[in-house]
Undergrad: 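Just passing along the structure, written as structure tokens.
Just the heavy atoms: all of them, side chains too, but no hydrogens, waters or symmetry mates, feed the values below. Model, not experiment: these values are computed from the prediction.
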Amino acid sequence: MKKFWMHWRVTGALAAVLVACGAYWWLLLAQQQEQTTFAETQTELRATHIARTLAAQMETLMGGLEYLARSLAVLHEHDPQHTFQLAASDALDSFPPGSILQIAVADSSGRIVYSSLSPDSATLGTSIGDRPHFQAHTLETEKRLYISRPTLGRVSRQWSVQVSYPISQGNRFGGVVVLSINPDYLSSTLRDVFTQGNDAALLLRADGAYLARSHDQNGVLDLNVPADREFLRYPERTSGRYQIVATIDGVHRFYAWQRLAQYPLVISVGLSHDQAMMGTYQSVRDSRLRNAVGTLAFVLAACWIALLFQRQKQDHARLERQRQRYRLALEGGKLGTWNWSPPAGDFFFDRRWVRLLGLPKEAYHPNHEQLQALIHPEDWPVWCDALDAHVRGDSEFLEAEPRLRHQDGHWIWMQVRGRIVRRAGQPSSQRITGTYIDVTQRHEIDAARQELQQRLAKLLVQVPGTVYQYRLRPDGSSCFPYASPGIADIYGITPELAQTDSRQAFASAHPEDLEALRSSILESANTLELWSHEWRQVLPNGQTRWLAGQAKPEREADGSTLWHGYIHDVTEQHSVMEALRRSEARLRLTMAAVQDGLWEWDTRTGIIEMDKRCHQMLGYEVLSQKLDFQTWQQHVHPDDRHRVLTTLQRQIALGEPFDMETRLLTQQGTWRWMEIRGQVAPDDTEIAGLVIGTQTDITPRKQETHFRQALLDNAAAALLISTPERIIALANHRAVETFSEDGLPLQGRSLSVLHRHEAAFTQFLPYVDAVREQGGVEVEYLMRTATGALRWFSIRGTPLDPQQPEGDVIWTLVDTTERRETEEALATAQAHLMEVIRHFPGGVLVQNQVGTAVVLNQALCDLFGVSTLSEELVGCDRAKLRAMVPAEVLDTLPATDQLYAMGNNATYEVALAQGTTVRIDMVQIRTARGDDLGRLWLAQDITERRQRERTLERLATTDTLTGLTNRRAFMARLEAEITHIAHGAPPSGLLDAGSGPLQTGQ
């Protein structure tokens, strides 16, 4: 206990030192972590301030570009030639050289009408109508500045950021002014902030496209930042910070970003993590190094003190162990000690002496007479002779085994050993000391061994065969040093004769087996491996018997080889084995014919033996035919393993045969389906615990089954197979999803579960009978689905086997509810539309793509004076319809080919011969994708409206008293004519000064 507490005191002191060091380092690391966090926070704040500054600077720059673009757009609206071009030239001069690569103007169609690069070049006319910076203004009514991502200019042939502003022509879109900004100019603005190091600044569009970068500008043109950036994920935020490793150059940076208030741009500033934290990290490393050295010195000093203390304890413990070792040696060997000073001194024995002999405690130092009384009379002379011989010096050690009488009267064998430990010239100076041990048990064992040998000799006489020793000498001669009496039955010679010469034993060996017998003996003698051989022996009566022998060889000192073994008659076993081999050969021929493999599993050892066919099924050509059960489990598919093991355990416990299907892993790493059948041997047989069975490769059958199931499950229709008893035998996945309320398979359920109620099922039964009578049936029927909803299904039933119509029936069910509802809705909509067309205040004609009349109303026939009823004209082709239309209409409309090739809607006015005016509207009918479906014609009588318009026009343009054209009308006509001529059109009239009024010329 003292040693234990001393050890734990040292251990506790060292643990306290380590805990103190750990606490110190925990505080140190926490302080350094706070220092690092503070440095990172300061760096992020600095990045935020720079980002805000650059954002303000870029806001100013973009404001100047917007002002320039807006001014140029206004000038171009008023004076696109002289004033605009002077302003564009001044703008290029006012900005740094190369900052604006081009100032261009595109008209409303996207065609370049002006370019500062080549004002008079043939490049004018290049279209930018497909570019985003043009299309953005055609889609918006609000005038604003658009900033594109870097684009390769079609005129400048350089990368540039297109800044565009719309031009108006009256209230219409008239084109755009485009400023092509050099990305290097924007990049130089950012580089003014970061001139060296790995710090970087980015100018980005709100969608993440790069506009400029302070470094590696060319590497980011036409690229976007990753979509996980904060300003892309949270468009509502105006600023933010994050840390990331840049994908462009692989540098870890602190990023701060800021949106521009007036423009869809983002400024992102990245400060290099390594540069910003270099000083802090160096300070932390220096501090850790200094503290590590101090801590190590402190721990080493504590360990040295503990080591000195431990060594002192070890010295004390070593002395104690030396004292205990001697005691333990005696106690472990059950030894006692004694000593005697010849010639007449008393004997002194230790306390074990009195316990061993049952003597009183004071009898541990007997004299010569007392010791003689204890020793057996037959052993006393031997004891005295041994003691005197050692005293005289005739023997180096004293050793004797006398018998001593126990206090209760029985005798104890005692082995006594001793030696003179001090020898001098006088006998009185001699002293013998030694040990004694109780060897009664050994003597009893020797006696038992002799008795056992006698019994063994008697047993060997009864053993069939012979137990023997066979010696082969270096000169080639041999003999049987020992042979049990059974050798006479084996070889027909006596054990005494076999001890001298073995030639008579081998003389009766079958001539065909003699050479193999001798070779096996010589091979065993050379290798000293177990000898095992079977051969035929010819008895004196001429009968041939099979013998089997096994023996273990050992080399003797003279070079001879001695075998210890057993030979017995195995004639009967050979007959049984021969019959078994013939039976096994027949079985293997049968298994080879059916391509099955054989296996057996010893449940006691866990070893599975499989034949070559089993391994070939799994792709193994050369493989040991034995493997343990745990290894075999790893070849079973994980999804099948639990089921297979459960089946094996249950069937083996019940002693019943089993048949299961599972997937096994092949050498190629694929899975093949196997059918494994087996039967456990009964417990009362010699092969109890052995499971024997066959293995069949059923992969092709499984693949075909899976293929059929996949066809069923992937079918769009629900498929069912019903028996003649109207029970569902098979249902695909779609059928289960559609009709199974609990989600479980439908197999085994009645067909009635598909129907609304029993009455509906009863009404359906005649269709089931019709399948067998007519060979098939098709019907639409209202059925209940798994959700409880009632839906219409198109049901088709056919016999599974046409040759057996009374057998199973396969049902195909297709949900037609949506089709029926669509057809009903379409019929309703069509009826409504026809009513609208019939009561429309005007003529209506709908033609398909080839011009055939699909719908027209009677009002159209009445308007054009067609006597045929409108219902009779439905289906008429284009030519027949044109033949019925008045000539005035045909003269107004374009030619037939032009009319049906037009892609836009059109409106025409026709004055008919009877004095009526008709307005005809042609509307193109197209799908959402733009496919042509035909045309819609609307004809309305506008005679009365035109008469009112002409009356109003006449009242507005003439004087009511004189009937002459008034001054306002004259000035309006004159201004319209001047504008008409200014746009390059020929004059449409002239002013006759002599007559006064405006004369119109054609």
Side-chain angles (χ1 to χ4, degrees), residues 830 832-926 933-960 963-966 969 972-973 976 988-989 997-1002:
Q830 186 174 4
H832 294 167
L833 179 61
M834 292 304 298
E835 287 298 318
V836 171
I837 293 175
R838 188 176 296 110
H839 296 88
F840 184 75
V844 178
L845 169 64
V846 179
Q847 292 177 296
N848 59 16
Q849 300 94 317
V850 297
T852 302
V854 178
V855 176
L856 74 163
N857 61 0
Q858 187 61 39
L860 181 67
C861 298
D862 297 341
L863 187 62
F864 289 145
V866 178
S867 60
T868 306
L869 296 177
S870 60
E871 289 81 0
E872 299 176 1
L873 295 178
V874 174
C876 292
D877 58 15
R878 182 191 308 167
K880 188 174 181 179
L881 292 174
R882 290 183 63 85
M884 299 180 182
V885 176
E888 300 91 337
V889 176
L890 296 178
D891 293 340
T892 304
L893 297 178
T896 302
D897 295 340
Q898 297 177 2
L899 180 65
Y900 284 90
M902 294 173 60
N904 298 320
N905 301 334
T907 300
Y908 308 95
E909 284 191 11
V910 180
L912 300 180
Q914 61 267 33
T916 59
T917 301
V918 178
R919 175 180 172 176
I920 302 174
D921 294 314
M922 183 193 71
V923 180
Q924 297 283 338
I925 305 175
R926 297 185 183 277
L933 296 180
R935 285 155 183 77
L936 169 65
W937 297 88
L938 301 175
Q940 290 180 293
D941 187 348
I942 59 173
T943 304
E944 184 178 352
R945 187 177 68 186
R946 284 287 181 255
Q947 290 176 352
R948 289 196 298 269
E949 290 176 354
R950 283 194 292 270
T951 301
L952 292 175
E953 182 180 4
R954 178 175 55 78
L955 293 174
T957 57
T958 60
D959 190 279
T960 55
L964 300 176
T965 302
N966 59 30
R973 292 283 300 276
S988 58
L998 181 65
Q999 303 295 325
T1000 302
Q1002 301 297 327

Undergrad: Identify the residue among T916, I920, D941 that makes a side chain to side chain contact (heavy atoms under 4.5 Å, CB included) with L863.
TA: D941
Undergrad: Which atoms form the tightest heavy-atom contact between A853 and L845, and what is the distance?
TA: CB-CD1, 4.0 Å
Undergrad: Can you give me the closest heavy-atom contact between V918 and A939, atom names plus distance?
TA: CG1-CB, 4.1 Å
Undergrad: Could you grab the distance from atom CZ of R882 to atom CG of D877, nearest 0.5 Å is fine?
TA: 12.0 Å
Undergrad: Apply side-chain contact (heavy atoms from CB on, under 4.5 Å) to residues M922 and L893 and explain how you reach the verdict.
TA: CA-CA 10 Å; M922 183 193 71; L893 297 178; over 6 Å; no
Undergrad: Go through the steps to decide whether I837 and L856 satisfy the test side-chain contact (heavy atoms from CB on, under 4.5 Å), and finish with yes or no.
TA: CA-CA 8 Å; I837 293 175; L856 74 163; over 6 Å; no
Undergrad: With side-chain contact (heavy atoms from CB on, under 4.5 Å) as the test, would you mind laying out the steps for I925 and V846 before giving the verdict?
TA: CA-CA 9 Å; I925 305 175; V846 179; 4.2 Å; yes
Undergrad: Is any side-chain heavy atom of L881 closer than 4.5 Å to a side-chain heavy atom of C876?
TA: yes
Undergrad: Please round to the nearest 0.5 Å and tell me the distance separating atom CD of Q924 and atom CG of L936.
TA: 10.5 Å
Undergrad: Taking all atoms of both residues into account, what is the closest heavy-atom pair of A859 and G842, and its distance?
TA: CB-O, 3.3 Å
Undergrad: Say you draw a straight line from CD of E944 to OG1 of T917; how long is it, rounded to the nearest 0.5 Å?
TA: 11.5 Å
Undergrad: Are there over 12 heavy-atom neighbours, none belonging to Q914, within less than 6.0 Å of that residue's CD?
TA: yes
Undergrad: Looking at CD of Q940 and CG of L860, how far apart are the two atoms once the value is rounded to the nearest 0.5 Å?
TA: 12.0 Å
Undergrad: When you measure from the side chain of N848 to the backbone of G934, do you find a donor-acceptor pair of N or O atoms at a distance under 3.5 Å?
TA: no
Undergrad: Look at the side chain of E888 and the backbone N and O of L912, then say whether any donor-acceptor pair between them is shorter than 3.5 Å.
TA: no
Undergrad: Looking only at heavy atoms, which two atoms of Q849 and R878 are closest? And how far apart?
TA: O-NH2, 4.4 Å
Undergrad: What heavy-atom pair brings G875 and T852 nearest, and what distance separates the two atoms?
TA: O-CG2, 3.4 Å
Undergrad: List the steps, then state whether side-chain contact (heavy atoms from CB on, under 4.5 Å) holds for V855 with V844.
TA: CA-CA 8 Å; V855 176; V844 178; 5.5 Å; no
Undergrad: Any idea which heavy atoms bring T907 and D921 closest together, and the distance?
TA: OG1-OD1, 2.8 Å
Undergrad: Answer whether the closest heavy-atom distance between the side chains of W937 and Q847 falls below 4.5 Å.
TA: yes
